[in-house]
Chemist: 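Input: one structure, supplied below.
Every value quoted in this text rests on a predicted model; they were computed, and no experiment measured them.
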Amino acid sequence: MTIRKVLLVDDEDDIRTIGQLSLGRVGGWQTVLAASGAEAVAKAAAEQPDLILLDVMMPGMDGPTTLGQLRAQPSTAKTPVIFMTAKIQKQEVARYLELGAVGVIGKPFDPMTLPAEIKKLLPPT
């Protein structure tokens with residue numbers, strides 16, 4: 001799968017900043033940022049990213065709820081989503097995969113290896 005544009009959704013400024021640097025400088029990808037689930041749903045429809053990195057725990061609309069809304073929009077129904085969370089117990093990862101995520105990346109992530117981790121989770125081209 002070819003990635004050109006990634007939507008990074010996280011309510012923490014630091015995570016968005018580090019993620020954008022990692023995805024842009026290490027991954028070479030254009031990065032669009034969203035600070036909430038509602039903003040993610042709107043930006044995903046407008047920007048049409050190749051991939052969405054989605055924080056699980058956010059105030060208001062959490063990651064699983066956001067994923068449900070993304071799947072309900074025809075324009076983002078098939079966009080791959082990878083959850084990012086500090087809670088990566090087996091049963092939680094299994095639940096996120098059942099919801100339709102292609103994978104889960106633990107937080108805090110290593111900015112130097114994040115793009116490689118993402119590529120490992122995506123289906124081959």
Side-chain angles (χ1 to χ4, degrees):
M1 177 181 165
T2 303
I3 301 172
R4 289 180 204 82
K5 187 188 294 188
V6 177
L7 173 60
L8 173 61
V9 186
D10 201 295
D11 59 310
E12 293 181 44
D13 291 338
D14 293 349
I15 299 285
R16 289 195 309 275
T17 300
I18 293 165
Q20 184 172 30
L21 287 170
S22 171
L23 297 170
R25 293 198 180 153
V26 180
W29 303 324
Q30 180 185 349
T31 308
V32 179
L33 301 176
S36 69
E39 186 181 1
V41 171
K43 282 198 172 175
E47 295 281 347
Q48 291 297 296
D50 301 303
L51 169 72
I52 300 170
L53 283 181
L54 181 56
D55 186 20
V56 170
M57 291 187 294
M58 296 184 289
M61 191 175 4
D62 68 1
T65 304
T66 302
L67 177 59
Q69 293 212 0
L70 290 165
R71 293 294 176 250
Q73 290 185 143
S75 63
T76 56
K78 295 196 184 323
T79 305
V81 171
I82 295 174
F83 277 123
M84 294 191 308
T85 181
K87 296 183 175 183
I88 50 173
Q89 284 79 25
K90 273 188 181 163
Q91 67 272 21
E92 290 177 342
V93 170
R95 184 172 82 87
Y96 301 144
L97 296 176
E98 283 174 20
L99 291 172
V102 296
V104 178
I105 290 177
K107 286 167 60 174
F109 54 82
D110 179 343
M112 298 310 294
T113 61
L114 180 61
E117 282 187 67
I118 290 168
K119 288 177 185 174
K120 278 190 238 168
L121 294 172
L122 294 173
T125 48

Chemist: Membership question, hydrophobic clusters at under 4.5 Å side-chain separation (ILVMFWY): are I18 and V9 in the same one?
Modeler: no

Chemist: Using every non-hydrogen atom in the two residues, find where L122 and P80 come nearest and quote the distance to one decimal.
Modeler: CD2-CB, 4.1 Å

Chemist: Tell me, with the steps shown, if I118 and L23 meet side-chain contact (heavy atoms from CB on, under 4.5 Å).
Modeler: CA-CA 10 Å; I118 290 168; L23 297 170; 3.5 Å; yes

Chemist: Which heavy atom of D11 sits nearest to which heavy atom of P59, and what is that distance?
Modeler: OD2-CD, 3.3 Å

Chemist: Just how far is it from atom CG of D55 to atom CZ of F83, taken to the nearest 0.5 Å?
Modeler: 9.5 Å

Chemist: Do you know the tightest heavy-atom contact between P64 and R95?
Modeler: CG-NH2, 4.1 Å

Chemist: To the nearest 0.5 Å, how far apart are NZ in K107 and CD in E12?
Modeler: 5.0 Å

Chemist: Less than 4.5 Å apart, side chain to side chain, heavy atoms only: is that true for L99 and R71?
Modeler: no

Chemist: Do I52 and M84 belong to the same hydrophobic cluster, where Ile, Leu, Val, Met, Phe, Trp and Tyr are linked whenever their side-chain heavy atoms lie under 4.5 Å apart, directly or via other members?
Modeler: no

Chemist: State whether the number of non-hydrogen atoms from other residues, nucleotides or ligands found under 6.0 Å of K87 atom NZ is greater than 12.
Modeler: no

Chemist: Can you tell whether the side chains of E39 and K43 come within less than 4.0 Å, N to carboxylate O?
Modeler: yes

Chemist: The test is side-chain contact (heavy atoms from CB on, under 4.5 Å); show your working for V81 and T66 and say whether it passes.
Modeler: CA-CA 10 Å; V81 171; T66 302; over 6 Å; no

Chemist: Using the side-chain contact (heavy atoms from CB on, under 4.5 Å) rule, take S36 and M58 through it: C-alpha gap first, then chi angles, then the decisive distance, then the call.
Modeler: CA-CA 7 Å; S36 69; M58 296 184 289; 5.6 Å; no

Chemist: If I take atom CD from residue Q69 and atom OG1 from residue T76, how far apart are they, to the nearest 0.5 angstrom?
Modeler: 9.5 Å

Chemist: Of all the heavy-atom pairs spanning P49 and V6, show the shortest one and how long it is.
Modeler: CB-C, 4.3 Å

Chemist: Can you tell me how far CG of L33 sits from CD1 of I15, rounded to the nearest 0.5 angstrom?
Modeler: 12.0 Å

Chemist: Could you measure the distance from the CG atom of L114 to the CG atom of L21? Nearest 0.5 Å is fine.
Modeler: 11.5 Å

Chemist: State yes or no: do L54 and L51 share one hydrophobic cluster built from I, L, V, M, F, W and Y residues joined by side-chain heavy-atom distances below 4.5 Å, directly or via other members?
Modeler: no

Chemist: Closest heavy-atom contact between A34 and R16?
Modeler: O-CD, 3.5 Å

Chemist: Tell me whether I82 shares a hydrophobic cluster with L67, the cluster being built from Ile, Leu, Val, Met, Phe, Trp, Tyr side chains joined at under 4.5 Å.
Modeler: no

Chemist: Rounded to the nearest 0.5 Å, what separation is found between the OG atom of S22 and the CG atom of L53?
Modeler: 9.0 Å

Chemist: Looking only at heavy atoms, which two atoms of G37 and M61 are closest? And how far apart?
Modeler: C-CE, 3.4 Å

Chemist: Are V56 and V102 linked, directly or through intermediate hydrophobic residues, by side-chain heavy-atom contacts shorter than 4.5 Å (ILVMFWY only)?
Modeler: no

